[in-house]
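Data block below; observations after.
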2 protein chains.
Amino acid sequence: MSTIKQTRWLTRDEKQCWVVFVQLLTVALSRLESQMQADSGISHYEYGVMARLSEAPRRTVVLSQLADMSNGSLSRLSHAMRRLERHDWVRRSPCASDGRLTEATLTDAGMAKVTESAPGHVRMVRSLVFDALTPEQSAQLRDISLAILNHDRSKTAD
Amino acid sequence: MSTIKQTRWLTRDEKQCWVVFVQLLTVALSRLESQMQADSGISHYEYGVMARLSEAPRRTVVLSQLADMSNGSLSRLSHAMRRLERHDWVRRSPCASDGRLTEATLTDAGMAKVTESAPGHVRMVRSLVFDALTPEQSAQLRDISLAILNHDRSKTAD
DNA sequence: AAGAATAACTTGAACAGTCAAGTGATTGGA
DNA sequence: TCCAATCACTTGACTGTTCAAGTTATTCTT
């Protein structure tokens with residue numbers, strides 16, 4: 001008996017679903033990116049980083065945690081922090097209790113930037129997603145997203 | 001009366017949905033990218049371009065159409081074509097009927113590359129999405145994707 | 001039948017993301 | 001207790017994407 005499994009291709013229904021979903025992935029990210037860049041001059045990722053900080057106690061989060069919350073690598077965050085620091089929107093400081101850790105803090109100027117950028121962002125999110133869906137579909141989308149993410153995590157878990 | 005509309009923020013349910021959906025966007029694209037890069041040494045976008053060509057009559061598509069089918073700008077495609085041409089996976093040729101158009105054709109080597117890359121790609125798609133969802137959810141995801149994309153197109157339409 | 005406007009690309013500069021290597025700080029064995 | 005392994009982060013080189021500008025071809029307009 002052979003150990004080489006033959007590929008189980010997608011069914012017609014699955015392929016149909018996949019094609020539109022992939023398109024959704026690219027279109028959604030591209031719309032978010034364009035809106036943020038055009039209206040606020042920052043990337044959607046940078047907005048996300050500052051938004052996470054704005055919601056945190058003392059507007060402060062350890063970098064490695066912040067990287068997770070922002071759905072990106074630590075390296076990506078490190079580069080982004082350098083850019084945000086140049087605008088004085090964030091500050092880095094070493095953590096007292098553990099010398100390996102660095103804390104990121106959102107400055108007042110950074111908070112102001114988030115506050116002024118949020119309305120345009122929310123408008124885009126609403127007009128892109130929630131204006132297009134029924135409340136039932138929003139709930140389905142949440143469940144579907146969670147199902148995929150949880151299933152992915154259980155596979156990736158070492 | 002003021003012309004400044006105050007922002008309609010997201011409800012708790014909407015925000016909950018949005019957070020997981022954004023995470024899904026990034027995780028899904030990142031998994032697709034990693035798999036294709038690791039197993040075949042090409043980007044997910046480049047695979048998509050060649051896959052579209054492989055399904056087309058005469059394995060040939062006009063560049064501007066190919067750019068649309070691949071969910072990217074013409075500029076992005078142009079740069080990608082240069083890379084793919086270096087491997088002799090695709091060929092460019094001027095269109096006889098309209099001098100502005102350029103046709104892209106998948107070579108035999110390109111077809112072989114797609115054929116050898118497809119199984120790993122399909123395995124990733126299946127394990128990421130369809131193994132995590134019920135058939136009902138797959139159908140819902142298709143409908144949701146279409147709803148968002150159609151609603152977006154109707155807005156964007158000039 | 002020109003000339004203007006549009007369309008289909010190409011190109012190069014600027015910039016963001018990834019990957020691999022490097023630096024300190026801390027933990028965990030032997 | 002000390003040395004190795006691990007962790008948290010930084011940095012620089014490389015590569016891909018975007019944006020604006022340029023080129024050539026075609027289609028309108030009058």
Side-chain angles (χ1 to χ4, degrees), chain A residues 25-27 29-38 40-50 60-87 90-105 158, chain B residues 25-27 29-50 60-87 89-105 158:
Chain A
L25 292 183
T26 36
V27 168
L29 280 179
S30 138
R31 292 285 178 275
L32 291 171
E33 198 58 49
S34 303
Q35 182 279 320
M36 195 52 76
Q37 200 58 248
S40 302
I42 59 178
S43 69
H44 179 242
Y45 176 77
E46 290 168 332
Y47 172 78
V49 167
M50 292 199 285
T60 298
V61 178
V62 166
L63 286 190
S64 41
Q65 291 177 38
L66 185 56
D68 285 345
M69 296 191 268
S70 308
N71 304 317
S73 69
L74 192 49
S75 172
R76 184 180 186 183
L77 178 60
S78 189
H79 286 300
M81 286 295 294
R82 182 170 36 76
R83 297 193 297 270
L84 296 177
E85 250 178 342
R86 274 209 282 269
H87 292 278
V90 298
R91 212 184 356 260
R92 272 186 275 207
S93 48
C95 178
S97 61
D98 187 333
R100 290 172 299 183
L101 275 48
T102 304
E103 292 179 336
T105 303
D158 317 319
Chain B
L25 292 183
T26 35
V27 168
L29 281 179
S30 138
R31 292 284 178 276
L32 291 170
E33 197 60 49
S34 302
Q35 182 279 320
M36 194 52 76
Q37 200 58 249
D39 295 357
S40 301
I42 58 178
S43 70
H44 179 242
Y45 176 77
E46 291 169 332
Y47 172 79
V49 167
M50 293 199 284
T60 298
V61 179
V62 165
L63 285 190
S64 42
Q65 290 177 39
L66 185 56
D68 284 346
M69 296 193 267
S70 307
N71 304 318
S73 69
L74 192 50
S75 171
R76 183 181 186 182
L77 178 60
S78 189
H79 287 298
M81 286 295 295
R82 182 170 36 77
R83 297 192 298 269
L84 297 176
E85 251 178 342
R86 275 209 283 267
H87 293 279
W89 289 332
V90 298
R91 211 182 359 258
R92 272 186 275 208
S93 48
C95 178
S97 62
D98 187 332
R100 288 172 301 183
L101 305 179
T102 304
E103 291 178 336
T105 302
D158 318 319

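Every chain is numbered from 1 and lettered A, B, ... according to where its sequence line falls, protein lines coming before strand lines.
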Atom pair CG (A:Leu25) and CG (B:Asn71), whose distance is rounded to the nearest 0.5 Å: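 A:Leu25 atom CG to B:Asn71 atom CG measures 9.5 Å (nearest 0.5 Å).
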Output all residues satisfying side chain to side chain donor-acceptor pair (under 3.5 Å) with A:Ser70, sequence neighbours left out; order by chain, then residue number.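 For A:Ser70, no residue satisfies side chain to side chain donor-acceptor pair (under 3.5 Å) once neighbours in sequence are set aside.
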Do any pairs count as a salt bridge (charged side-chain N to carboxylate O under 4.0 Å, His left out) and have a residue in residues 72-84 of chain A, sequence neighbours left out, and if so which ones?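 Sorted result for residues 72-84 of chain A: A:Glu46-A:Arg83.
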So which atom in B:Leu66 and which in B:Val61 form the shortest heavy-atom distance, rounded to 0.1 Å?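 Shortest heavy-atom contact: N-CG1, 3.7 Å.
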Under 4.0 Å from OP1 or OP2 of C:dT10: is there any side-chain N or O of B:Ser78 that close?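 So the side-chain polar atoms of B:Ser78 do come within 4.0 Å of the phosphate oxygens OP1 or OP2 of C:dT10, strictly under.
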Side chain of A:Ser78, backbone of A:Leu74: donor and acceptor closer than 3.5 Å?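 A pair under 3.5 Å: no.
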Do any N or O atoms of the protein come closer than 3.5 Å to N or O atoms of nucleotides 4-8 of chain C, and which pairs are they?
unit_1: C:dA7; atom_1: O4'; unit_2: B:Arg100; atom_2: NH1; d: 3.4
unit_1: C:dA8; atom_1: O3'; unit_2: B:Arg100; atom_2: O; d: 3.0

Can you name the residues that form a salt bridge (Lys or Arg N to Asp or Glu O under 4.0 Å) with A:Arg92, not counting sequence neighbours?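 Checked A:Arg92 against salt bridge (Lys or Arg N to Asp or Glu O under 4.0 Å); matches are A:Glu85.
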Starting at CG of B:Leu77 and ending at P of C:dC9, how long is that distance when rounded to a whole Å?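 For the pair B:Leu77 CG and C:dC9 P, the rounded distance is 9 Å.
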Extract, from 5' to 3' on DNA chain D, the first and final nucleotides lying under 4.0 angstrom from some heavy atom of chain A.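 Listed 5' to 3', the contact boundaries are D:dC7 to D:dG12.
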Using distance only, find each side-chain donor-acceptor pair of residues 94-101 of chain A under 3.5 Å and give its atom names and separation, not counting sequence neighbours.
unit_1: A:Asp98; atom_1: OD1; unit_2: A:Arg100; atom_2: N; d: 3.0
unit_1: A:Asp98; atom_1: OD1; unit_2: A:Arg100; atom_2: NE; d: 3.3
unit_1: A:Asp98; atom_1: OD2; unit_2: A:Arg100; atom_2: NH2; d: 3.0

Contacts of [X] that satisfy side-chain contact (heavy atoms from CB on, under 4.5 Å) - sequence neighbours left out:
X	result
A:Asp68	none
B:Thr60	B:Arg58, B:Glu103, B:Thr105
B:Ser75	B:Ser73, B:His79

For nucleotides 14-21 of chain C, tabulate all protein N/O to nucleotide N/O atom pairs closer than 3.5 Å, reporting atom names and distance.
unit_1: C:dG17; atom_1: OP1; unit_2: A:Arg76; atom_2: NE; d: 3.2
unit_1: C:dG17; atom_1: OP1; unit_2: A:Arg76; atom_2: NH2; d: 2.7
unit_1: C:dG17; atom_1: OP2; unit_2: A:Arg83; atom_2: NH2; d: 3.1
unit_1: C:dT18; atom_1: O4; unit_2: A:His79; atom_2: NE2; d: 3.1
unit_1: C:dC19; atom_1: N4; unit_2: A:Ser75; atom_2: OG; d: 2.8

